A.B. asks: 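Got a structure for you, questions after.
Just so we're on the same page: letters track the sequence lines, and every chain starts at 1. Being a predicted model, the structure only gives us computed values, none of them experimental.
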Amino acid sequence: MDKLVIIDGNSIASRAFYALPLLSNSSGLHTNAVYGFTTMLLKLIEEEKPTHFLVAFDAGKVTFRHKEYTEYKGGRAKTPPELSEQFPLIKELLKAFQIPQFELQGYEADDIIGTLTRVADESGKQVLLVSGDKDMLQLSSDQVTVAITRKGITEVERYNPAEIMEKYGLEPKQIVDLKGLMGDTSDNIPGIPGVGEKTALKLLHEYGSVEEVLAHAAEMKGKMKEKIEEHAKDAMMSKELATIFREVPMDTDWATFRYEGYDGQALSSMFRKLEFKTLLEKMDFSGGEADIESAVSLDIEVISEAGISGLAHALGDSTSLHIEIVGENPHHSEVAGVAFYLADGDKYAYVPFELLMSEAGQPIQDWLSDESKKKQLFDQHRAELALAWHGVRLRGVDFDVLLAAYLLDPTESTLTVSGLAFKYGLPGIRPDEDVFGKGAKFRLPELAALSEHLCRKADTIRRAVPVLREELEKGEMHRLFYELELPLAGVLAEMELRGIKVDAAGLRQLGDEIAGQLEGIMARIYQLAGCEFNINSPKQLGEILFEKLGLPASKKTKTGYSTDAEVLERLAPYSEIVGQILQYRQLAKLQSTYIEGLLKEVRPETGKVHTYYRQTIAATGRLSSQYPNLQNIPIRLEEGRKIRKVFVPSEPGWYILAADYSQIELRVLAHISQDEKLKEAFLQNMDIHTKTAMDVFGVQESEVDSNMRRSAKAVNFGIVYGISDYGLSQNLAITRKEAASFIEQYFAVFQGVRTYMDDIVKDARRDGYVTTLLQRRRYLPEITASNFNLRSFAERTAMNSPIQGSAADIIKLAMVQMAERLKADGLKSRMLLQVHDELVFEVPEEELELMKRIVPEVMADALKLDVPLQADVDYGLTWYDAK
DNA sequence: CTACTCACG
DNA sequence: ACGTACGTGAGTAGG
């Protein structure tokens, strides 16, 4: 059975454009609409398997509709340039897909589509029509299914006449009557003012068409009658404008639209140009792959037991290598093998891991552990952890390609060897997913393929080093790399390998108590609801609360009612069940994430958890923590805070010591902005929120009440986040106007902060990026977007990133310095955790006094600012007590 | 695999 | 007018 898929090209392109963030490739070309279009095409090809295909475009600015109504599509914002520049790309893309495209001067895509669907109706052929425009519903028939995009772009809703009847109670041909009555602001079609969808539907259900509605206007009364009589002509014209013309003089021979599949070669080169990396990695361009590695041929030797003795010598004093770690969590990962570059002979040596670990491999193990043998590799941190668990220490890394690439663009989502090869113009290399498969299908290939792939990675790393080193220099991130991030990788590995002791028995006991409380709460919830249901399911919970119990629904999510804490707190006065659910949520979170989740991560042999700090994830330069995440252990509510009691020292008689920066972000802001008032506040070491309240409200310290301080605190948070009146109003539950006036008062006092905020946004617009105190960079391509939301987001990010990122720079500096200090002074104390503005140590009793002194000192002196940095320290038998 | 919710700074 | 506070990770549901 033939099946023709028709795409309304302009409509889908603009849908994609507005649905996706404004992506751009490295040469500044915007690609989001092309990307959305591509995913739509791929989905349709896979799911619909069309035998025929066509994309129709509008052509020219003036169509016959303008002749009838000059205002047609007037008032519509003109297409933003970021979108128009993508149309040629889409057309090129369609060529690579080998999908026929069609446009005709003086006609819109609608008319072309209308004509083709008429032919389909007449000849009984099946058509799927994809558009973002509901007007298309008028073309629906038994032959023609109309798919309208819903939120996002790849999700569509399909309509045949039956669905239209069900949803609107109308025949497809009545869709034009609907629009005739209600109009369409986006096309500047007037309709009848005051008649919206509801009224229009009511009228049509009664009278059937615009003509009949007008004919019966006399029977109506009041305002409605007046409006209809007054705008009868508009309604008729609107209907006419909405009617799709179905007699375009064009070739309607089905054979013209035959679809035979895409040109893999052309498509993969198109994706390369557009930098659609995930698609490149995901798709099978059968035939397109051959060229990827053929460019470079490598001289590879797979080392055997007999050959390994000479290898250590051949490695020399410095070389590139790749250590392949298999698994997400490097604390329990296998190592597949190691590939080395041998400068002498310009060749590669692959050592299987079993051989490396055997007695014969000892010289190579020693080479890896030799600080004086310099190594360039990809992801020192991960390799160091994985090797350490197998008893091999990795030392002497003097360049890490991953870390360098992260600094060069911390928002880069595909930091992989193949991705870097691509990005930096090095010879192509197959993505890991291609070689290994992914998820459940992950398999190490046989030796020949494995050794080749890993040697190619080593080759890419070798070639990348000078390129990235130069880029770092250009960006003035040399010192940031060599003096901060690279040493930090080693410091982190040390902390993570050490791990932190967890009192598993205490955790279980806490779990039992929570389980008991949960049981009681669940019973009460079921009783109040009058039935049992899954409280964890927002869908079921929404049905119970808003349908069964009839509570007033406020917020909506994409898929239904919102039941988040903010909504529930507003509902609390209406029913006891709401409070019970909030209580349930709190305890269930503790139970699943912090009791059960944490217990799963405790090593039974040692009773410790070993988190993995990710150094190349966060766009601002912060660390993140996984397996388990130890950066979000509860503290705000007492029930959760108790979890901290199970984090204990690993040796008897030791203590947990924690030190945290006081207001580091606002101090950083004071320094960067050089705002006199803000600097003064910190130089006088005042409570910053109280001081802010005094200045903003113009009162004495003694007159600042708790409410004023709370507001001032929220404003300070807002300032750090990149303030907006809306955000502040949400946070303080006040009106936007009030929030705006708060902000205005704040800026009137802290004028230097206002200047900073204005300047940083200008700088970002001029340079395309912002930087931290240590020259860490973040690119903000969307700062010039014409879309208000995208641009505003980029502007707030421009304000926030230098602050959050500089604070991250500072604590990282403190960590490196602290690690050096502990070593230099021969202390037994160990650094265990970092939580953004806090460092946690375990300390033997005899070092307590010393550590209480030096930790805050090192933290405060990590970087000299124009305001003092301050760190507060405390200690106790558990993390809970070190508050 | 995505959406929702919620834990932290 | 537009409608979001900045940065993360994890667990559960449900397609």
A.B. asks: Is there a side-chain contact between A/N536 and the phosphate of C/dA13, meaning an N or O under 4.0 Å from OP1 or OP2?
C.D. replies: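 Result: yes.
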A.B. asks: Can you tell me how far apart NE2 (A/H30) and CG (A/L83) are? Round to the nearest 0.5 Å.
C.D. replies: 11.0 Å
A.B. asks: Heavy atoms under 4.0 Å, any strand shown: does A/I803 hit a base, just sugar-phosphate, or nothing?
C.D. replies: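 Counting heavy atoms under 4.0 Å across all strands, no contact is made by A/I803.
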A.B. asks: I'd like to know if A/R776 and A/E485 make a salt bridge, using a cut-off of under 4.0 Å between side-chain N and carboxylate O.
C.D. replies: yes
A.B. asks: Rounded to whole Å, please give me the gap between CD in A/E665 and P in C/dT8.
C.D. replies: 13 Å
A.B. asks: Heavy atoms under 4.0 Å, any strand shown: does A/G718 hit a base, just sugar-phosphate, or nothing?
C.D. replies: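 Base contact.
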A.B. asks: Taking the ring of A/H836 and the ring of A/Y661, is the distance between their centroids below 6.0 Å?
C.D. replies: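 No, the ring centres sit 6.0 Å or more apart.
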A.B. asks: Round to a whole Å and report the spacing from CG of A/L790 to C1' of C/dA5.
C.D. replies: 16 Å
A.B. asks: Could you check whether A/A565 gets within reach of a base, just the sugar-phosphate, or nothing at all, counting any heavy atom under 4.0 Å?
C.D. replies: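 Contact class for A/A565: sugar-phosphate only.
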A.B. asks: Rounded to the nearest Å, what distance is computed from the OH atom of residue A/Y584 to the C1' atom of nucleotide B/dC6?
C.D. replies: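 It works out to 14 Å between those atoms.
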A.B. asks: Between A/R622 and A/P628, which is nearer to the 5' end of DNA chain C once each is assigned its nearest nucleotide?
C.D. replies: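 Between the two, 5'-proximity favours A/R622.
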A.B. asks: Roughly, in whole Å, what's the span from CG in A/L598 to P in C/dA10?
C.D. replies: 12 Å
A.B. asks: To the side chain of A/R644, which of B/dC6, B/dC8, C/dA10 is closest?
C.D. replies: B/dC8
A.B. asks: Looking at B/dT5, C/dT8, C/dG11, which one has an atom nearest to any side-chain atom of A/I617?
C.D. replies: C/dT8
A.B. asks: Rounded to whole angstroms, how far apart are CD on A/E543 and C1' on C/dG14?
C.D. replies: 13 Å
A.B. asks: Within 45 degrees of the axis of the six-membered ring of A/Y561 and under 6.0 Å from its centre: does A/K556 put its NZ or CZ there?
C.D. replies: yes
A.B. asks: For B/dC4 and A/T563 - does any side-chain N or O of the residue sit under 4.0 Å from the phosphate oxygens OP1/OP2?
C.D. replies: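 A/T563 to B/dC4 OP1/OP2: no side-chain N or O under 4.0 Å.
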A.B. asks: Nearest of C/dT4, C/dA5, C/dT8 to any side-chain atom of A/D725?
C.D. replies: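 Closest nucleotide among those given: C/dT4.
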A.B. asks: Is a donor-acceptor contact shorter than 3.5 angstrom present between the side chain of A/S724 and the base of C/dT4?
C.D. replies: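 Under the 3.5 Å cut-off, the side chain and the base do form a donor-acceptor pair.
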A.B. asks: Starting at CG of A/L587 and ending at P of B/dT5, how long is that distance when rounded to a whole Å?
C.D. replies: 19 Å
A.B. asks: Classify the nucleic acid contact of A/A619 as base, sugar-phosphate or nothing, counting any heavy atom under 4.0 Å across all strands shown.
C.D. replies: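 Sugar-phosphate only.
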A.B. asks: Is A/Y726 stacked on the base of C/dT4 when the test is centres under 5.5 angstrom and planes under 30 degrees?
C.D. replies: yes
A.B. asks: Would you call A/E566 and A/R570 a salt bridge, using N to O less than 4.0 angstrom?
C.D. replies: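 Yes, this pair counts.
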A.B. asks: Look at all strands and tell whether A/V720 reaches a base, only sugar-phosphate, or nothing, counting heavy atoms closer than 4.0 Å.
C.D. replies: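 No contact.
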A.B. asks: Is the shortest distance from a Lys or Arg side-chain nitrogen in A/E665 or A/R622 to a carboxylate oxygen in the other one below 4.0 Å?
C.D. replies: yes
A.B. asks: Checking all strands, does A/S562 fall into the base, sugar-phosphate, or nothing category for heavy-atom contacts under 4.0 angstrom?
C.D. replies: sugar-phosphate
A.B. asks: Suppose we call a contact any N or O donor and acceptor under 3.5 Å apart; does that hold for the side chain of A/R636 and the base of B/dG9?
C.D. replies: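 Yes, a donor-acceptor pair under 3.5 Å.
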A.B. asks: Any donor-acceptor pair under 3.5 Å between the side chain of A/Q804 and the base of C/dC6?
C.D. replies: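 Per atom types, the contact qualifies.
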A.B. asks: For A/I643 and B/dC8, give me the distance from atom CD1 to atom P, rounded to whole Å.
C.D. replies: 11 Å
A.B. asks: Reading 5' to 3' and counting Watson-Crick or G-U wobble pairs with both distances under 3.5 Å, write the dot-bracket notation for DNA chain C, | for bases paired outside the strand.
C.D. replies: .....|||||||||.
A.B. asks: Using atom P of each nucleotide, how far apart are C/dT4 and B/dA3 to the nearest Å?
C.D. replies: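 Those two atoms are separated by 15 Å.
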A.B. asks: Kindly indicate whether the side chain of A/R614 and the base of C/dT8 share any N or O donor-acceptor pair separated by less than 3.5 Å?
C.D. replies: no
A.B. asks: Check every strand shown and say whether A/N629 touches a base, only sugar-phosphate, or nothing at a heavy-atom separation below 4.0 Å.
C.D. replies: sugar-phosphate
A.B. asks: Out of C/dC6, C/dG3, C/dG7, which nucleotide sits closest to the side chain of A/N789?
C.D. replies: C/dG3
A.B. asks: Under a 4.0 Å heavy-atom cut-off, which of residues 732-743 of chain A touch DNA chain B?
C.D. replies: none
A.B. asks: Provide, to the nearest angstrom, the distance between the CD atom belonging to A/E328 and the C1' atom belonging to C/dA10.
C.D. replies: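 Computing the A/E328:CD to C/dA10:C1' distance gives 14 Å.
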A.B. asks: Examine distances only and state if a side-chain atom of A/D809 and a backbone atom of A/L774 form a donor-acceptor pair shorter than 3.5 Å.
C.D. replies: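 Looks like yes, one N/O pair under 3.5 Å.
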A.B. asks: Return no unless some side-chain N or O of A/N534 is found under 4.0 Å from OP1 or OP2 of C/dA13.
C.D. replies: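 Checking C/dA13 against A/N534, a side-chain N or O does come within under 4.0 Å of OP1 or OP2.
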A.B. asks: Name the nucleic acid region contacted by A/N731, choosing base, sugar-phosphate or nothing; use a 4.0 angstrom heavy-atom cut-off, strictly under.
C.D. replies: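 If one applies the 4.0 Å heavy-atom cut-off, A/N731 turns out to touch a base.
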A.B. asks: Between B/dG9, B/dA7, C/dG9, which one does the side chain of A/H836 approach most closely?
C.D. replies: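 Looking only at side-chain atoms, A/H836 lies closest to B/dG9.
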A.B. asks: Do the side-chain N or O atoms of A/Q730 get closer than 4.0 angstrom to the phosphate oxygens (OP1, OP2) of C/dG3?
C.D. replies: no
A.B. asks: Rounding to an integer number of angstrom, what distance separates B/dA7 and C/dC2 when you compare their P atoms?
C.D. replies: 32 Å
A.B. asks: Base, sugar-phosphate, or nothing: which does A/Y661 touch, judged by heavy atoms less than 4.0 Å apart?
C.D. replies: nothing
A.B. asks: Counting side-chain heavy atoms from C-beta on, which of C/dC6, B/dT5, B/dC6 comes nearest to A/R796?
C.D. replies: C/dC6
A.B. asks: Taking the inter-plane angle between the rings of A/H610 and A/H331 on a 0 to 90° scale, is it parallel (under 30°), tilted (30 to 60°) or perpendicular (over 60°)?
C.D. replies: tilted
A.B. asks: Of all the nucleotides listed (C/dG11, B/dC6, B/dA3), which has the minimum atom distance to the side chain of A/T559?
C.D. replies: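 Ranking C/dG11, B/dC6, B/dA3 by closest atom to the A/T559 side chain puts B/dA3 first.
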A.B. asks: Nearest to the A/L728 side chain among B/dC6, C/dA5, B/dC8, which nucleotide is it?
C.D. replies: C/dA5
A.B. asks: Under the side-chain contact (heavy atoms from CB on, under 4.5 Å) test against A/Q663, which residue among A/I688, A/D687, A/V668, A/L669 passes?
C.D. replies: A/I688
A.B. asks: From the options C/dG7, B/dT5, B/dG9, select the nucleotide whose nearest atom is closest to the side chain of A/T557.
C.D. replies: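 Closest of the options to the side chain of A/T557: B/dT5.
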A.B. asks: Using a cut-off of less than 4.0 Å, is there contact between a side-chain N or O of A/T620 and OP1 or OP2 of C/dC6?
C.D. replies: no
A.B. asks: To the side chain of A/F788, which of C/dG7, C/dG3, B/dG9 is closest?
C.D. replies: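 For the A/F788 side chain, the nearest candidate turns out to be C/dG3.
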A.B. asks: Between B/dC6 and C/dG3, how far apart are the C1' atoms? Round to whole Å, please.
C.D. replies: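 Here C/dG3 and B/dC6 have their C1' atoms 23 Å from each other.
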A.B. asks: State whether a side-chain donor-acceptor pair under 3.5 Å links A/T878 with A/D881.
C.D. replies: yes
A.B. asks: For a 4.5 angstrom cut-off between non-hydrogen side-chain atoms, does A/I664 reach A/I811?
C.D. replies: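 In short, these two side chains do not touch, never coming nearer than 4.5 Å.
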A.B. asks: Between A/F717 and A/H689, how do the two ring planes meet: parallel, tilted or perpendicular, split at 30° and 60°?
C.D. replies: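 Taking A/H689 first and then A/F717, their aromatic rings lie parallel (interplane angle under 30°).
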A.B. asks: Using a strict threshold of under 4.0 Å (side-chain N to carboxylate O), is an ion pair present between A/R158 and A/E48?
C.D. replies: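 Result for this pair is yes, salt bridge flagged.
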A.B. asks: Rounded to the nearest 0.5 Å, how far does CG of A/L590 lie from CG of A/L510?
C.D. replies: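 One finds 8.0 Å between CG of A/L510 and CG of A/L590.
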